Amino acid sequence: MAMIQIREALRQAMQEEMRRDESIFLMGEEVAHYNGAYKVSQGMLEEFGEDRIVDTPIAENGFAGLGVGAAMAGMRPIIEFMTWNFSLVAFDQVINSASKIYQMSGGQYSVPIVFRGPNGLAENLGSQHSTSVDSLYAHFPGLKVVTYATAYDAKGLLKAAIRDPNPVVFLESELTYGIKGEVPDEEYVIPLGKADIKRPGNDVTLVTWGKQLFNVEQAAAELAKQGVDAEIVDLRSLRPLDHETLFNSVVKTGRAVVVHEGFLFAGVGAEISARIQEACFDILQAPVLRVTNRDVPQPYATNMEQLVVPSPERIVQAVRQVMER
Amino acid sequence: MAMIQIREALRQAMQEEMRRDESIFLMGEEVAHYNGAYKVSQGMLEEFGEDRIVDTPIAENGFAGLGVGAAMAGMRPIIEFMTWNFSLVAFDQVINSASKIYQMSGGQYSVPIVFRGPNGLAENLGSQHSTSVDSLYAHFPGLKVVTYATAYDAKGLLKAAIRDPNPVVFLESELTYGIKGEVPDEEYVIPLGKADIKRPGNDVTLVTWGKQLFNVEQAAAELAKQGVDAEIVDLRSLRPLDHETLFNSVVKTGRAVVVHEGFLFAGVGAEISARIQEACFDILQAPVLRVTNRDVPQPYATNMEQLVVPSPERIVQAVRQVMER
Amino acid sequence: MAESLTLPKKSSLEPLDRESLTHLYREMLLIRRVEELAAKAYTQRKILGFCHLYIGQESVAVGAAASTGDDYWMTAYREHGQAMAKGMSARTMMAELFGRATGSSNGQGGSMHLFDKENNFMGGYGIVGGHVPLATGVAWAAKQRKENKVCVCFFGDGAAHQGAFFEALCLAQLFKLPVVFICENNFYAMGTPLHRQSAVTDLSLRALGVGMVSEQFEGFDVEVVRDRVGAAADFARAGNGPVLLEIVTYRHRGHSMSDPAKYRPDGELDEKKKSDPLAITRARLADDFGMTDADFDAIQESVETEAQDAWDFAHASPEPDTSTLYDFTYAPQEG
Amino acid sequence: MAESLTLPKKSSLEPLDRESLTHLYREMLLIRRVEELAAKAYTQRKILGFCHLYIGQESVAVGAAASTGDDYWMTAYREHGQAMAKGMSARTMMAELFGRATGSSNGQGGSMHLFDKENNFMGGYGIVGGHVPLATGVAWAAKQRKENKVCVCFFGDGAAHQGAFFEALCLAQLFKLPVVFICENNFYAMGTPLHRQSAVTDLSLRALGVGMVSEQFEGFDVEVVRDRVGAAADFARAGNGPVLLEIVTYRHRGHSMSDPAKYRPDGELDEKKKSDPLAITRARLADDFGMTDADFDAIQESVETEAQDAWDFAHASPEPDTSTLYDFTYAPQEG
Ligand SMILES: Cc1ncc(C[n+]2csc(CCOP(=O)(O)OP(=O)(O)O)c2C)c(N)n1
Ligand SMILES: Cc1ncc(C[n+]2csc(CCOP(=O)(O)OP(=O)(O)O)c2C)c(N)n1
Ligand SMILES: [Mg+2]
Ligand SMILES: [Mg+2]
């Protein structure tokens, strides 16, 4: 076991897979000579050369499409969006090309590609640079959508995403690239579509994914002090969704709060809430509540910005509400 | 009262507003000389001339942005997407420009613009031409999202959308442009954010919007034969949402089924379901169920395609399920 | 400087003999007849949705196939003729248009989404300009694997204003990718003539802005198309980077079956029909290769049979099996 | 043909006298000093997020403002200097960077999103290329209302490969809109030099592909920028359509405060600093207008005061009132 930063875990995942499989290449803005805007691909140009670690001009729609075409032709591209905010100019390629080509071709062409980059809040960047794209992509069949909170999950899930024969949207975070975690020295892969219980508990199920896990863990610690034993379900894969782990937890606790970044309206939290009440209606002791961004474009000023995103306090408060029933 | 096609109702809305307000113009592909791909803008070039009814090249991102810039400068553009499928190449302009400029500028610049065009299934066009964008846009604060089923609503809501000082996403349907309905001779405007009870009932609430209203009405008729008295809530506005009408109905019936086109996962139906169980938890006699597209890219062949989208039969079946509790 | 780069005046291809030119003529005729049957099927509601006919443009696809037969192709939704030129059987294509299980995509794709992996026909796409970046990726793969293949990417005059098209040109030129971009300028994007779509009506100029080699020429003569596309493919194959070809052509029918095409100036269609690719090549075969009416009648007959057979096959084929509904969303994990 | 069109060799503007050139010098110096204070504030974590400094490029904004002061402007995120050149006070700007209620956007926008409606400064935007189409819309409005105004749209060399940029050029040329597109080529997009972003490094060539008039020139001399932007504005204002100007410049700092800019070749920065806009104009004022060191010291002093005052104002200003959180999402219905 080594303690490494999440950016190193992601890098190791790419390096190990690229050594194993010649057809994999990494392409994006500043990934090569600059070693990555957030240093995720540090040193990879040196190891793999310019044919496999490729800097691009600022043409996301173009190079996202390039990746899809290369995948159709049998390569396994990893396309880095410097941040997912910029994937909005490439939205058509991810949706109308990547997610649909396998179907349109009647199964003749698969699209084994990973789109990856940081998602959601990066602090004080204003509304154009703070979008969480989770629900935009998880909405579409044909895509898989994966994210992580820990270094261990980051590495194991990215390796699985690279090996998957389908387009995978892989959501990272600027704010956590530097967080360290234990990663085994031997190789491992975490299958997509499996949630992970990050904290077992009996009183309430806290459903989350991505970096909000850290807020949820803080809230759970505070709740423990207050005598509430929360179970934390880290979904990791938003599409496909691990119903079994999710529903088993809610069946046990009878209560659920969903916590995620990004907007409430038709967010992935809405889907989780709707599915829980569909599947666990008779068991639920209280409505499923959601803690998400408030319904405003992200403001720049710190005091306003922090008001908008989930906080341990808001999570504790929501849990209190569901416990009071 | 005159019986007119929905395309005429939409045209009247634009004509009346354009006569009233010099700053309004209509821009899009084939809207002028071709009189509209679906003849919505028939005759408008003749009445208003080339400065106000404007054909564009196939550059949606460009002319959507042009519209936003013109709106900032005080005009009131109506931007037609030939279909909303093509708005995916303009996604960045609708999200990162239109929905955020009022906020980024600290309220200095408002963006009074309407983006309109047909949405969802148009039959046998395959997966790239059958996308329902409802949840993609309703997800974002800063936008309003409006749709209709009848000629009356189409006209009144489009007039309100044109007068709104904010960007409005207005969702139409190829398949219903030719459907006729009664429209008053005198002017009227339907305020955004107000749902409409299309059928009063006591046993179950059917929540829907857009052309699925017709399937829901068929289902309600069938259910009536079976002794189930369904209330139909036509949301009309997805953002802002009319909670009052929605919750009052569910409080009365204790049961709800949400019916909409497009994908289930993080669709608007998920939001409705989540909000109903949040607000009406103690009243609900059964889980809120959803009838939506099945989770596959839209196939071309008719037999497969019809399997995917909602049908009266599927709606009746869902209602049966919630009634059995 | 951009202007200084040009294509070789002649391609590396040998001129066509009677037999091979006759073969191309037959292919063009087959496409023509199959499209006419598709139109008939559409009016009988055997084919639904959109149906964009290639009639009038056959020389482009057939000429290009004659010089890039083994290469990768990608194109838009007006692709029936291109799919057939690239090797898809009339049966498989017609069955897809009919939405049958025997179609090229099992009825999943339809008229706008023909795919034929065996023949490296990498698809028809419905988002104008959206497939152009894909072609750069196919060329990327071909280059990395040193396949000595190019990717031929067809699109219309209407696509030359799309950001996706421009970004693809930028990337292809920057990375010197073996792409032959073919803009089929048939004068109209739906009802909008080129001069109302663009300030410049010579679309090969688009290449100047990115430093790409380009050429504009009339594509009614299948031999000319074969030679110029061949020259472009030679250039790209040799590692010189991409080429933009603007091939001036004309569609005899409306944009799709639902378009009466009232926007044409009087007489334009008749004028253009004088340069019907079939008439041009027929005259050439008669004048320079001494083909007789009897010869042409024989071709006509075999084409009729093949086209009608495609209809019969499609008509007799079963609808897709609804139990396969979920089989086309995700590819299974290999191994 | 595109190439045949060119701008008038001289703009309609009178040459600058000592007083007005001194004024431009002072503006450039003020921008320089305010940016240096912003850098200091950033290292003290008084300014957070990204902070893209304009140091080295001052002559572009100030020269453009000297010829298009009443016109509409739109730009990207490296816009502190442009906002000030267009009339935003150092106080209002610094307060926005500090995220205070007294900032230009009440602290909602931040460094990348400065807006000043009073001065027709229509915003700084963060999506590369995304604002370029907006500029065509502003020009559309100006043209329809016969305002005799142009829209000046600034963007970087890195934006010249974006589809949004290309589509905006296509539309502006097709509709003959009064836009002056200014590509500030400072040689780098983040860490990527132009020659690795684009096959052509003369970005004014982008105009050829759409038939637009263009010109490339060095923009270190504020008088040159004023004249050439003036000439372009004259051209657009006269109804001749848009112009693309590529103004060659250089940024002395990294891409943003977090970029050490290690990618520069040795000596490049020192070499470029020889053409520091401040040095050039100072020399001109000294040599041709006889300004003395004392004169310059006086300017320096008043600039220091104004810049420090901006800092003090921002520092003393309150944070945004959290009760206004929901006030910036939807505009209220008028009347
Ligand atoms: C992005 C996008 N916008 C609009 C459309 C609707 N549309 C389909 S075909 C077409 C015209 C395309 O003309 P052209 O590129 O010249 O091809 P042609 O039909 O002439 O072969 C349009 C506007 C689309 N499919 N995709
Ligand atoms: C669409 C998009 N992609 C990527 C980014 C990240 N990014 C911000 S600035 C920048 C470089 C832009 O360089 P240039 O256009 O030359 O402007 P400069 O910074 O030199 O002023 C990049 C890649 C972005 N903001 N938007
Ligand atoms: Mg065309
Ligand atoms: Mg730059």
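Source: prediction; values computed, not measured. To find a chain, count down the sequence lines: A is the first, B the second, and so on, and within it residues start at 1.
Interface check for chain A: of the options Ser258(D), Gly109(D), Ala159(D), the most heavy-atom pairs under 4.5 Å are formed by Gly109(D). When Gln162(D), Gln197(D), His255(D) are compared by the number of non-hydrogen pairs under 4.5 Å with chain A, Gln162(D) comes out ahead.
Of the two parts of Ser198(D), neither the backbone nor the side chain holds a non-hydrogen atom closer than 4.5 Å to a non-hydrogen atom of chain A. Only the backbone of Asp321(D) comes within less than 4.5 Å of a heavy atom in chain A; its side chain stays farther off. Looking at Thr56(A), neither its backbone nor its side chain comes within 4.5 Å of chain D, counting heavy atoms on both sides. Tyr125(D) touches chain A through backbone and side chain together, each having a heavy atom under 4.5 Å away.
In this structure the side chain of Ile58(A) never reaches within 4.5 angstrom of the side chain of Met190(D), judged on heavy atoms.
With a 6.0 Å radius and a threshold of 12 heavy atoms from other residues, nucleotides or ligands, Glu118(D) has its CD atom at or below the threshold. Within 6.0 Å of atom NE2 in His33(A), more than 12 heavy atoms from other residues, nucleotides or ligands are found, so the atom counts as buried in its surroundings.
Among all heavy-atom pairs drawn from Gly49(D) and Leu125(A), the shortest one is CA-CD2, 3.6 Å. In plain terms, the two heavy atoms of Ala301(A) and Gly99(D) that are nearest each other are CB-O, 3.5 Å. When all heavy atoms of Ile127(D) and Gln128(A) are compared, the pair lying nearest together is N-OE1, 3.6 Å. Looking at every heavy atom in both residues, Tyr300(A) comes nearest to Phe98(D) through CE2-C, 4.5 Å. For Leu325(D) against Pro299(A), the heavy-atom pair with the smallest separation is CD1-CG, 4.1 Å. Residues Gly191(D) and Glu30(A) share a closest heavy-atom pair of N-OE2, 3.1 Å.
In this structure, Asn303(A) contributes its side chain and Pro320(D) its backbone to a donor-acceptor pair below 3.5 Å.
Aromatic ring orientation, His129(A) versus His113(D): tilted (interplanar angle from 30° to 60°).
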(request) Determine, step by step, whether Asn124(A) and Phe50(D) satisfy the side-chain contact (heavy atoms from CB on, under 4.5 Å) criterion, reporting the C-alpha distance in whole Å, the side-chain angles of both residues, the deciding distance to 0.1 Å, and the verdict. (result) CA-CA 8 Å; Asn124(A) 303 101; Phe50(D) 293 152; over 6 Å; no
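Distance CD/Glu305(A) to CG/Leu48(D): 9.0 Å, rounded to 0.5 Å.
Between the side chains of Asp295(A) and Tyr326(D), not a single donor N or O lies within less than 3.5 Å of an accepting N or O. With no hydrogens or angles considered, no side-chain donor-acceptor pair links Thr192(D) and Glu29(A) at under 3.5 Å.
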